[in-house]
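Here's the structure, in structure tokens; my notes come after.
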Amino acid sequence: MFAEVYQIVQRIPIGKVATYGQIVRILGTRDSRRVGHALHANKDRKVPCHRVVFADGSLAPGYAFGGAKIQRLKLESEGVKFKGNKVNLERCRWSR
DNA sequence: CTTATGACTATGA
DNA sequence: TTCATAGCCATAA
């Protein structure tokens, strides 16, 4: 279940981000919520959930490990470029 | 066991 | 472009 999600999330290299849809696609399902639930169940203790963003590049408002703004800062620190209040998926989208 | 809610995404207005 | 609704699956009650 979530193990697959954790594995994929940990597989994301520094400076890159993956969308829920991307992970879900790898899992072989269409449900994006299960990924979000997986991260929520695990929070940010073992998996860098801050690298997981919405399909449009935005973050999870109010449910991040400490705030979407914090998440944004963390991603920036890893080298992820931001497009306004969203991540520049065109540049930092994790491809396989 | 059934109902309701949720770190989502795609489609329609 | 932004807001609302439907669909998919798992967890909580």
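Between the P atom of dT11(C) and the CG atom of Leu39(A) lies a distance of 13 Å, rounded to the nearest Å. For the pair Asp56(A) CG and dC3(C) C1', the computed distance is 14 Å after rounding to whole Å. Note: CG (Leu27(A)) to C1' (dT9(B)) measures 15 Å, nearest angstrom. The CG atom of Asn85(A) sits 14 Å away from the C1' atom of dT1(C) (whole-angstrom rounding). For the pair Arg30(A) CZ and dT11(B) P, the computed distance is 13 Å after rounding to whole Å. The CD1 atom of Ile70(A) sits 16 Å away from the C1' atom of dA7(B) (whole-angstrom rounding). A straight line from CD1 of Ile26(A) to P of dT9(B) spans 14 Å, rounded to a whole angstrom. One interatomic measurement links the two molecules: CG of Asn42(A) to P of dT11(C), which rounds to 13 Å at whole-angstrom precision.
Following chains of ILVMFWY side-chain contacts shorter than 4.5 Å, one cannot reach Leu39(A) starting from Leu75(A), and the two form parts of different hydrophobic clusters. If you chain together hydrophobic residues whose side chains sit under 4.5 Å apart, Leu89(A) and Ile23(A) never meet in one group.
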| task | Please test Glu90(A) against Lys83(A) for salt bridge (Lys or Arg N to Asp or Glu O under 4.0 Å), starting from the C-alpha separation and ending with a verdict. | result | CA-CA 10 Å; Glu90(A) 299 298 299; Lys83(A) 199 74 161 85; over 6 Å; no
| field | Letter per nucleotide, 5' to 3', of nucleotides 1-6 of chain B [B base touched, S only sugar-phosphate touched, - untouched; heavy atoms, 4.0 Å] | value | -----B
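The base-pairing partner of dT11(B), taking Watson-Crick or G-U wobble contacts with both distances under 3.5 Å, is dA4(C).
Residues Ile8(A) and Leu27(A) form a side-chain contact, since some pair of their non-hydrogen atoms from C-beta on lies under 4.5 Å apart.
Partner Val47(A) forms a side chain to side chain contact (heavy atoms under 4.5 Å, CB included) with one of Val52(A), Val9(A), Val5(A) and no other, that one being Val9(A).
A donor-acceptor contact under 3.5 angstrom links the side chains of Ser58(A) and Asp56(A), judged on distance only.
The residue Phe54(A) sits close only to the backbone: its heavy atoms come under 4.0 Å of sugar-phosphate atoms, none of a base.
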